[in-house]
Every structure is written in structure tokens, then in C-alpha cells.
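First comes the structure, then the notes that go with it.
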Amino acid sequence: ESMTAVILSRVDHLDYELSETLKVASCIGYRFETEVLAHAMDCDSKVLGGFLDVLEKKNFLEVTSNEGNTENKMYRYKEHAVFGSIRTLLMGSQKVVIHSKILHYLEITGCMDDKLLAYHAEQSEKYQEAAMFFEKATAKSLDSYDYPTAYASLVRAISLRESDDYALSKFTEAQVKEANLRLLILKRSLGDILRQTARYKEAEEVLLQCLSDFSVKADEETDWRFKH
């Protein structure tokens with residue numbers, strides 16, 4: 001019997017509230033704060049504290065820090081294998097709802113970690129919002145001349161904006177044009193970052209693609225005006 005099967009068998013024998021606590025916490029991460037978890041579960045913090053105490057006694061979780069705050073403790077899964085196994089139990093629709101709640105909490109509490117916000121926005125299937133956070137992360141990395149990190153964030157932003165077919169299908173004609181222009185600007189920025197890291201050939205390819213995309217969009221605009 002595999003380790004995953006053993007872990008899932010242990011979870012199956014837990015009360016419903018305890019297993020749900022583990023599942024929701026897994027969306028936050030290997031480590032998580034009780035305040036975030038309480039918001040994601042729509043659960044009273046004292047009631048949640050009781051669930052967490054039981055899970056700690058059953059060796060699923062352990063406290064890593066409470067920084068003097070007895071109500072907002074930091075927990076982590078006792079083992080990475082437990083964390084990984086529990087993550088497999090959540091259905092796609094469940095994850096979307098949970099990550100949406102986590103994102104909402106992070107935003108209302110003033111979280112400044114744009115990559116963390118982007119992660120939860122993407123998991124919530126809010127791809128345009130996720131792209132926006134990755135763009136903010138890019139700007140912060142550029143401010144500190146961290147070009148490799150800026151490159152990685154900007155690639156994610158471009159990928160999300162290009163692949164969000166659902167949002168594009170709901171856009172008005174004006175919004176589509178604006179989205180296309182934004183993509184061109186982002187890709188040009190990507191070329192600039194590549195030049196800063198001496199990846200000149202890749203930078204040239206990106207900028208040539210920008211020119212090609214711009215030419216195509218200009219032709220489409222001319223055709224549309226001619227027909228109307």
C-alpha cells in the first residue's frame with residue numbers, strides 16, 4: 001500500500017469538519033495562518049481552533065509560530081506527503097471557491113505580495129486579475145533591477161492575457177482593441193528585459209513579433225473601417 005493511500009485512509013476516518021479543515025488549508029499552502037483559514041472556511045476562529053488542536057494531536061499539523069498572538073497561529077503540515085496527498089482530494093470547482101475567498105481576505109487585509117495574490121487569482125480562474133498582479137510584480141522587480149524575476153513574472157502575465165478566451169469573448173470591440181494594445185506593450189517590455197540580461201537574440205525575436213502583431217492589427221483595423 002502506497003504512502004498516499006495510507007494518508008488518505010487516515011483522512012477518511014476523520015470527522016467531516018476535520019477533513020474539510022485539512023482540505024481548505026491545503027489551498028493556502030504548506031504553511032498557513034488561522035485567520036486566513038477561518039475566512040476561507042467561513043468559520044468562527046474559536047471553533048476552528050478546536051479543529052486545529054485535534055488535528056495537531058492526530059499528527060496532521062504542528063504549530064510553527066504564534067508571535068505572541070494566541071488567536072492567529074501559524075501552522076504547517078507535519079509532513080510534505082500529507083500536504084501533497086490532501087491537495088488531491090479537492091475538486092476543481094471547490095478549489096475555485098476556496099481560492100476566491102483566500103484572495104478576498106488577502107486583498108482586504110492589504111497584502112502586498114503580488115505574486116501570492118496572482119497565484120490565488122489564477123487558481124480562482126480570475127485570469128485578467130492574476131495578470132494584473134503579475135504585472136505589478138514585474139514592476140517591483142524592475143525597480144530593484146531583478147531582471148530574471150521580472151522576466152518570469154511578465155511571461156506569466158502575457159500568457160494569462162493571451163489565453164483567457166472566456167474574458168476575450170465577453171469583451172466589447174473597444175475592450176478587445178485595448179487588450180491587444182496592452183499585449184503589445186507588455187511584449188515590448190519583455191524585449192527590453194531580455195536586452196538587459198544580454199539575451200539579444202531572444203529580445204530581437206520578441207520585438208520582431210511585436211512589429212508583426214502590430215502590422216496584423218493595423219491591417220484588421222483598416223479592413224473593418226473599409227467594410228463599415
Side-chain angles (χ1 to χ4, degrees), residues 24-33 35-37 39-40 64-65 67 72 74-77 80-81 83-84 87 90 92 95-96 98-168 178-214:
V24 176
S26 73
C27 290
I28 302 171
Y30 176 67
R31 292 179 176 82
F32 58 90
E33 293 181 351
E35 284 186 356
V36 183
L37 182 57
H39 186 87
T64 61
S65 170
E67 298 181 352
N72 188 29
M74 176 72 78
Y75 281 85
R76 70 181 176 196
Y77 286 83
H80 281 281
F83 171 64
R87 282 173 64 85
L90 285 165
K95 288 193 287 187
V96 168
I98 295 166
H99 281 286
S100 293
K101 291 180 179 179
I102 295 169
L103 176 64
H104 177 254
Y105 177 84
L106 294 174
E107 289 182 308
I108 63 175
T109 54
C111 176
M112 300 298 290
D113 187 338
D114 292 312
K115 285 193 283 189
L116 179 62
L117 291 164
Y119 168 74
H120 288 294
E122 185 174 359
Q123 295 300 312
S124 306
E125 299 183 358
K126 299 174 181 176
Y127 301 118
Q128 297 296 310
E129 195 171 343
M132 178 194 70
F133 287 126
F134 274 121
E135 289 166 28
K136 288 183 177 181
T138 299
K140 288 179 181 177
S141 296
L142 289 175
D143 285 344
S144 60
Y145 304 101
D146 184 357
Y147 294 110
T149 302
Y151 171 80
S153 296
L154 189 52
V155 166
R156 291 295 300 126
I158 291 171
S159 175
L160 286 164
R161 289 201 182 277
E162 285 186 320
S163 62
D164 191 3
D165 294 332
Y166 177 77
L168 291 173
E178 184 180 347
N180 288 332
L181 177 60
R182 187 167 190 81
L183 271 173
L184 284 173
I185 293 170
L186 293 176
K187 288 179 180 178
R188 178 169 178 174
S189 297
L190 186 65
D192 292 341
I193 292 171
L194 286 167
R195 281 206 303 271
Q196 291 291 343
T197 54
R199 295 164 66 177
Y200 301 116
K201 185 176 180 180
E202 292 172 80
E204 183 180 3
E205 290 173 354
V206 169
L207 293 174
L208 285 173
Q209 184 62 53
C210 284
L211 288 173
S212 175
D213 290 346
F214 180 79

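Please read these numbers as outputs of a predicted model, since none were measured by experiment.
- Two residues are said to be in side-chain contact when any heavy atoms from C-beta on lie closer than 4.5 Å; M132 and R161 meet this criterion.
- With values rounded to the nearest 0.5 angstrom, R76 atom CZ is found 6.0 Å from T64 atom OG1.
- Nearest heavy-atom pair across K187 and V206 is O-CG1, 3.1 Å.
- Within 6.0 Å of atom CD in E205, more than 12 heavy atoms from other residues, nucleotides or ligands are found, so the atom counts as buried in its surroundings.
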For residues 112-119, dump all side-chain donor-acceptor pairs below 3.5 Å to protein atoms at least two apart in sequence or in another chain.
unit_1, atom_1, unit_2, atom_2, d
D113, OD1, K115, N, 3.3
D113, OD1, L116, N, 3.1
D114, OD2, K140, NZ, 2.6

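- The CD atom of E107 sits 5.0 Å away from atom CD of E129, with the distance rounded to the nearest 0.5 Å.
- Expressed to the nearest 0.5 Å, how far NE2 of H39 lies from CG of L106 amounts to 9.0 Å.
- Considering all non-hydrogen atoms of both residues, R87 and S26 come closest at NH1-O, 3.0 Å.
- Between S100 and S124 the shortest heavy-atom distance is N-OG, 3.1 Å.
- For the atom pair F32 CZ and I102 CD1, the distance stands at 11.0 Å (nearest 0.5 Å).
- Rounded to the nearest 0.5 angstrom, L184 CG and Q209 CD are separated by 9.5 Å.
- Between H99 and C27, the shortest heavy-atom distance links the atoms CE1-O, 3.2 Å.
- For the pair L154/F134, no side-chain contact is recorded, criterion being any heavy-atom separation below 4.5 Å from C-beta on.
- Of all non-hydrogen atoms in A40 and V24, the two that sit nearest each other are CB-CG1, 3.7 Å.
- Two residues are said to be in side-chain contact when any heavy atoms from C-beta on lie closer than 4.5 Å; Q123 and V96 fail this criterion.
- Nearest heavy-atom pair across R188 and C210 is N-SG, 3.6 Å.
- With hydrogens and angles left out, the side-chain atoms of Y145 and Q196 include no donor and acceptor closer than 3.5 Å.
- Contacts of E33 classified as side chain to side chain contact (heavy atoms under 4.5 Å, CB included), with partners at least two apart in sequence or in another chain: V36, N72, M74.
- Residue S153 forms a side-chain contact (heavy atoms from CB on, under 4.5 Å) with just one option from D146, I158, I193, T138, and that option is T138.
- Atoms CG and CD, from L160 and E122 in turn, are 4.5 Å apart once rounded to the nearest 0.5 Å.
- For the pair R199 and Y151, the cation sits on the ring face: its NZ or CZ lies under 6.0 Å from the ring centre, inside 45° of the axis.
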